[in-house]
Amino acid sequence: TLNTHNLSPKSRIQWNSQLVLTFQKNRIAKLPNNNRTFVYDDYSSGISRLYQVGQPEYEMFQIHYEGVYNRQSEIPFNPLTGNVLTYYKGYNPILPGYPKWLDANGDGDVWVGEDNGDQYGDRIPTGDPNPKFVGGFTNDISYKNFTLTVSSIFTFKRTVVNTFLQQQINAIGGSLTNFATNRLPDLSHIDYWTPEKAQDPNYKASYPSISPYMGSFYQFSSWNDMFNVDGSYFKVKQIVLNYVFPTKFSDRLKVKHINAYAMMYNVLILKNKKNTMPDPELVDQLGVYTGGNYPQAKTYTIGLNIEF
């Protein structure tokens, strides 16, 4: 904690600040069975966790997303078979518009590997949900009977899963049934692949095709890191302006104390542009967004306190 007095004590305006920082660093030092590495599959979020000596706690263990195959010429071949690379145990030969996933084990098929006896498949460590540091920053400015307090919180450098966007796309992408039965979200801000866009030889999509006719191989599930983003943010949580009425005024009204105040809550959020979660504060310890579809409301309050 750092407390500062930013102006001279003789100044008519007083400005005091408080900065609180909490640094976090953890590494797994020892595991059972002679430090044997193990993976925990969290089926509620779809994200696997790697527990390995030297790795941070809750390390994400996912297939790595590298972009989109925009054209047929970009799709690699399996050097052993001469066939194009496949997804999901060989059932889905890659087509333009498919996600570009890293074939980490080089077997010509990208999948988590659980069903064919491979313990890890193509999953690799993809992100640490533990922030480098978190903190708060408060400023109090006073002048005569006025006091202004600005309270902020922040988190720096942690990997989080944007399940807000993931669930929106997963609800319709790759499945005609889902597309027909679920609510269509507003994806106008998402650069997803289409054949028309791919006519431009320089075009590189940010997200795969969401066409319901592309087939489903769980491409929009969170077991791959397509939706992992930097969870850093700075949030101005509250601003309070307070005015204490002079004693002679309260005496005239035969009361002990009168003050008026105005408050603003959830004032401003600064975050990574890829972090489309309505409120980045609502992320759990595992780096998974737990909020709803709407941001916390900005609230404005005006009040008067009278003490008799």
Side-chain angles (χ1 to χ4, degrees), residues 36-43 45-52 55 59-127 159 161 165-166 169-170 172-179 190-229:
R36 181 179 179 182
T37 297
F38 70 94
V39 173
Y40 172 73
D41 294 321
D42 182 358
Y43 292 104
S45 66
I47 304 166
S48 298
R49 308 285 171 177
L50 175 69
Y51 292 86
Q52 185 178 59
Q55 292 286 351
E59 173 78 33
M60 297 177 187
F61 196 54
Q62 301 161 291
I63 288 175
H64 180 50
Y65 175 71
E66 298 181 315
V68 178
Y69 288 110
N70 294 284
R71 283 160 287 278
Q72 186 69 39
S73 59
E74 299 175 2
I75 300 173
F77 287 83
N78 184 332
L80 299 179
T81 65
N83 299 321
V84 298
L85 195 71
T86 58
Y87 290 155
Y88 188 25
K89 299 178 285 188
Y91 295 135
N92 293 273
I94 296 175
L95 297 172
Y98 275 25
K100 185 178 181 181
W101 287 330
L102 175 66
D103 184 14
N105 62 12
D107 67 353
D109 181 76
V110 180
W111 192 238
V112 295
E114 297 167 336
D115 299 312
N116 59 16
D118 187 342
Q119 183 179 6
Y120 302 132
D122 293 291
R123 292 175 291 177
I124 61 173
T126 51
T159 300
V161 182
L165 177 60
Q166 179 262 322
I169 297 180
N170 192 49
I172 61 171
S175 169
L176 187 59
T177 301
N178 288 347
F179 189 85
I190 301 300
D191 179 26
Y192 54 86
W193 185 92
T194 67
E196 293 75 21
K197 295 176 184 177
Q199 296 300 315
D200 180 352
N202 298 314
Y203 174 68
K204 294 183 179 180
S206 299
Y207 290 93
S209 170
I210 62 171
S211 169
Y213 299 102
M214 290 294 286
S216 175
F217 44 94
Y218 309 103
Q219 60 265 48
F220 298 113
S221 299
S222 52
W223 49 258
N224 78 94
D225 67 353
M226 184 188 306
F227 301 98
N228 289 17
V229 297

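Because only heavy atoms are used, hydrogens play no part in the values below, and waters and symmetry mates are left out as well, while side chains stay in. The first residue of the sequence shown is numbered 1, and numbering continues consecutively from there.
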Donor-acceptor pairs under 3.5 Å, side chain of residues 92-101 to any protein atom, not counting sequence neighbours: which ones?
residue: Tyr98; atom: OH; partner: Met214; partner atom: O; Å: 3.3
residue: Trp101; atom: NE1; partner: Asn224; partner atom: OD1; Å: 3.4

Check: Step by step, would you call Met226 with Ile169 a side chain to side chain contact (heavy atoms under 4.5 Å, CB included)?
Finding: CA-CA 11 Å; Met226 184 188 306; Ile169 297 180; over 6 Å; no
Note to self: Go through it in stages, so that I can follow the logic: the residues are Leu165 and Ile190, the test is side chain to side chain contact (heavy atoms under 4.5 Å, CB included), and I'd like the CA-CA distance, side-chain angles, deciding distance and then a yes or no.
What the structure shows: CA-CA 10 Å; Leu165 177 60; Ile190 301 300; 3.8 Å; yes
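Of all the heavy atoms in Asp107 and Asp109, the pair that sits closest is OD1-O, 2.6 Å. Nearest heavy-atom pair across Tyr65 and Pro208 is OH-CD, 3.5 Å.
Between the side chain of Arg49 and the backbone N or O of Asp42 there is no donor-acceptor pair closer than 3.5 Å. Of the possible polar contacts, none joining the Asp41 side chain to the Tyr43 backbone as a donor-acceptor pair under 3.5 Å is found. For Trp223 (side chain) and Ser48 (main-chain N/O), no donor-acceptor pair under 3.5 Å exists by modelled atom type. Listed for the Asn83 side chain is no donor-acceptor partner under 3.5 Å among the backbone atoms of Asn78.
The side-chain hydrogen bond (donor to acceptor under 3.5 Å, both in side chains) test applied to Tyr218 returns no partner, not counting sequence neighbours. For Pro125, the side chain to side chain contact (heavy atoms under 4.5 Å, CB included) criterion is met by Leu50, Gln55, Glu59, Phe61, not counting sequence neighbours. Scanning for side chain to side chain contact (heavy atoms under 4.5 Å, CB included) contacts around Asn170 gives Gln166, Phe220, Ser221, with sequence neighbours left out. Contacts of Thr126 classified as side chain to side chain contact (heavy atoms under 4.5 Å, CB included), with partners at least two apart in sequence or in another chain: Met60, Gln62, Ile124, Asp225, Asn228. Evaluation of the side chain to side chain contact (heavy atoms under 4.5 Å, CB included) rule for Thr194 yields Tyr192, Glu196, Lys197 as partners, not counting sequence neighbours.
In this structure, CD in Gln219 is found 14.5 Å from OH in Tyr207, a value given to the nearest 0.5 Å.
Contact check for Asp191 versus Tyr203: side-chain heavy atoms found under the 4.5 Å cut-off. In this structure the side chain of Ile63 never reaches within 4.5 angstrom of the side chain of Tyr87, judged on heavy atoms. Side-chain contact between Tyr69 and Pro76 is present, with at least one heavy-atom pair separated by less than 4.5 Å. The closest side-chain heavy-atom distance from Leu102 to Asp122 is not below 4.5 Å.
Surrounding OH of Tyr91 are at most 12 heavy atoms belonging to other residues, nucleotides or ligands under 6.0 Å away.
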